[in-house]
Amino acid sequence: MNVIEVKGLKKSYGQVHAVRGVDLSIPAGEIFALLGPNGAGKTTTVEILEGFRSRDAGQISILGFDPHSQGYAARQWRDRIGIVLQSAADAGDLTVIETVRHFSRYYSNPRKVDEVMSAVGLEEKSGALIRNLSGGQRRRLDVALGIIGNPELLFLDEPTTGFDPEARRAFWGLIEKMRGNGTTILLTTHYLDEAEALADRVAVINNGLIIETATPAQLGGRATSQAVVSWRDGSQVKSEATDNPTAVVTDLSVHFDGEIPELTVIRPSLEDIYLKMIGGADE
Ligand code: ATP
């Protein structure tokens, strides 16, 4: 059974058709990234799956339950889910550690508070008031609150917005660790390198519809798209665009009788492919 199963999800706000028929199947243990431009429908989709927004149509199963009709099971269901919203409500007058401790009491099997504080790199700020945190530190606290309950399923809506590069790398390490524990993760992000580093599969959503779901390496025909092979030949750097980079490299290795000077084989980046898919490359 998939942890997330969505069929024909639709949601409009008045005349705005934000989500127009989304299907998703995400098995246990997968890290799945939802990519799409501003206003594509990512947050609407994710918040419906979290049970925070209503839908107009579609079937949803999250850990075997419909987030909108689970009656008495709601509490047990929430206990198994971690959520990092795009913008969290402010509880400015509490300290960081008070807040993390407080949230840990909502869960039946929480992670250790100290462990979570260090996982998100907030130990030094543990006594600081929330309203005095920087934007990136505040976001780390949001992540801490999302993982404190030791969730089976974690929703992350643009989790690293505002992080400095070091904090982003540390966060990626944390997600890798959670993957190791079998946590299923649904992530939205505008950072294509983040999707590439973390996601087993990505879906590109535009205008409320999923255009394609694939591994980052295969999205938009990336794995079979033309590669550019380049190398040094004497004083010149040469390059060739090809559908068969292996054949070109094999010929070159015969030509050079071994190591090919300054060899590179470059395929389009995930960002190149993504921009082409959403039409952004033409804008
Ligand atoms: P972003 O990358 O900017 O976060 P998104 O992909 O998460 O965008 P959504 O927030 O789901 O996009 O918005 C999808 C569409 O629905 C947008 O056109 C947005 O203006 C509209 N929308 C979202 N929430 C509401 C709301 N509460 N009321 C009215 N319209 C809304």
Side-chain angles (χ1 to χ4, degrees), residues 4-26 31-60 62 66-68 81-90 135-136 138-143 145-146 153-163 168 171-172 175 184-199 201-214 216 219-220 269-283:
I4 295 181
E5 193 68 57
V6 175
K7 284 208 172 68
L9 180 64
K10 292 186 183 167
K11 171 77 176 177
S12 295
Y13 305 100
Q15 296 305 307
V16 178
H17 302 298
V19 177
R20 298 191 293 143
V22 159
D23 300 333
L24 288 172
S25 296
I26 303 178
I31 302 185
F32 190 95
L34 207 48
L35 309 175
N38 292 137
K42 302 179 299 294
T43 298
T44 299
T45 301
V46 170
E47 292 196 356
I48 291 170
L49 307 193
E50 293 165 347
F52 291 140
R53 294 196 201 194
S54 64
R55 63 191 185 256
D56 300 334
Q59 283 104 48
I60 304 177
I62 306 293
D66 184 324
H68 293 276
I81 292 174
I83 294 175
V84 177
L85 292 170
Q86 197 171 97
S87 54
D90 226 341
R138 176 64 229 239
R139 201 68 190 127
R140 294 191 206 188
L141 174 61
D142 293 337
V143 173
L145 301 182
L153 168 62
L154 179 61
F155 291 101
L156 298 167
D157 201 357
E158 297 182 23
T160 60
T161 302
F163 279 27
R168 283 182 74 217
F171 172 78
W172 293 0
I175 296 302
T184 309
I185 299 175
L186 176 57
L187 162 84
T188 76
T189 182
H190 286 292
Y191 300 113
L192 280 298
D193 58 341
E194 184 159 289
E196 180 135 47
L198 295 179
R201 287 190 304 148
V202 299
V204 175
I205 180 168
N206 198 12
N207 293 321
L209 281 174
I210 289 181
I211 310 175
E212 190 183 338
T213 303
L219 192 78
S269 69
L270 187 59
E271 187 159 293
D272 295 334
I273 294 284
Y274 166 80
L275 288 173
K276 209 159 140 196
M277 289 178 80
I278 62 162
D282 302 322
E283 280 173 12

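Indexing begins at 1, ligand by ligand and atom by atom, following the structure's order. Side chains included, hydrogens not; waters and symmetry mates left out as well; all remaining heavy atoms used.
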Closest approach of [X] and [Y], non-hydrogen atoms and distance?
X: Pro37; Y: Tyr274; answer: N-OH, 3.1 Å
X: Thr44; Y: Ala18; answer: OG1-CB, 4.2 Å
X: Pro67; Y: Ile48; answer: CG-O, 3.8 Å

Please list, in number order, the atoms of ligand 1 under 4.0 Å from a heavy atom of [X].
X: Glu158; value: 2 (O), 4 (O)
X: Ala18; value: 14 (C), 15 (C), 16 (O)
X: His190; value: 2 (O)

Which residue and atom name correspond to the protein heavy atom nearest [atom], and how close is it?
atom: atom 14 (C) of ligand 1; value: Gly39 O, 3.3 Å
atom: atom 4 (O) of ligand 1; value: Gln86 NE2, 3.1 Å
atom: atom 10 (O) of ligand 1; value: Thr43 CB, 3.7 Å
atom: atom 31 (C) of ligand 1; value: Tyr13 CD1, 3.2 Å

Check your understanding: Considering residues, nucleotides and ligands other than Glu271, do more than 12 of their heavy atoms fall under 6.0 Å from its CD?
Key ->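 No.
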Check your understanding: When you check the gap from the basic side-chain N to the acidic O, do Arg138 and Asp142 get nearer than 4.0 Å?
Key ->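 Salt bridge: yes.
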Exercise for review: Answer side chain, backbone, both or neither: which part of Arg53 comes under 4.0 Å from ligand 1, heavy atoms only.
Suggested key: side chain
Exercise for review: Heavy-atom distances under 4.0 Å are what count here, so tell me which part of Val16 touches ligand 1: side chain, backbone, both or neither.
Suggested key: side chain
Exercise for review: Using the side chain to side chain contact (heavy atoms under 4.5 Å, CB included) rule, take Ile81 and Glu50 through it: C-alpha gap first, then chi angles, then the decisive distance, then the call.
Suggested key: CA-CA 9 Å; Ile81 292 174; Glu50 293 165 347; 5.8 Å; no
Review point. Hey, looking at atom 2 (O) of ligand 1, which of Gln15, Glu47, Lys42 has the closest heavy atom?
Key: Lys42
**Study point:** Best match, Leu35, Ile48, Thr44, Asn38: closest heavy atom to atom 13 (O) of ligand 1
**Key:** Thr44
Review point. Just how far is it from atom OG1 of Thr213 to atom CG of Asp23, taken to the nearest 0.5 Å?
Key: 9.0 Å
Point to revise | Contact check: Ala40 vs ligand 1, nitrogen or oxygen atoms, below 3.5 angstrom | key: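 N/O-N/O distance below 3.5 Å exists for this pair.
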Check your understanding: If you measure every N/O of Gly41 against every N/O of ligand 1, is any gap under 3.5 Å?
Key ->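 Checking ligand 1 against Gly41, an N or O pair does fall under 3.5 Å apart.
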Check your understanding: How about atom 22 (N) of ligand 1: does it have a protein heavy atom within less than 4.0 Å?
Key ->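 Answer yes: something from the protein, a heavy atom, is under 4.0 Å.
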Point to revise | Contact bool for atom 19 (C) of ligand 1 (protein heavy atom, d < 4.0 Å) | key: no
Review point. Strictly by modelled atom types, are Ser25 and Glu5 linked by a side-chain donor-acceptor pair under 3.5 Å?
Key: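 Distance-only check passes for Ser25 and Glu5.
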**Study point:** CA sep, side-chain torsions, deciding dist, call: Leu85, Glu47, side chain to side chain contact (heavy atoms under 4.5 Å, CB included)
**Key:** CA-CA 8 Å; Leu85 292 170; Glu47 292 196 356; 3.7 Å; yes
Point to revise | Partner of Val84 under side-chain contact (heavy atoms from CB on, under 4.5 Å), chosen from Leu156, Thr160, Leu145, Leu141 | key: Leu156
Review point. For ligand 1, is there an atom lying under 4.0 Å from some heavy atom of Pro37?
Key: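 In this structure, Pro37 qualifies as a contact of ligand 1 - some heavy atom is under 4.0 Å.
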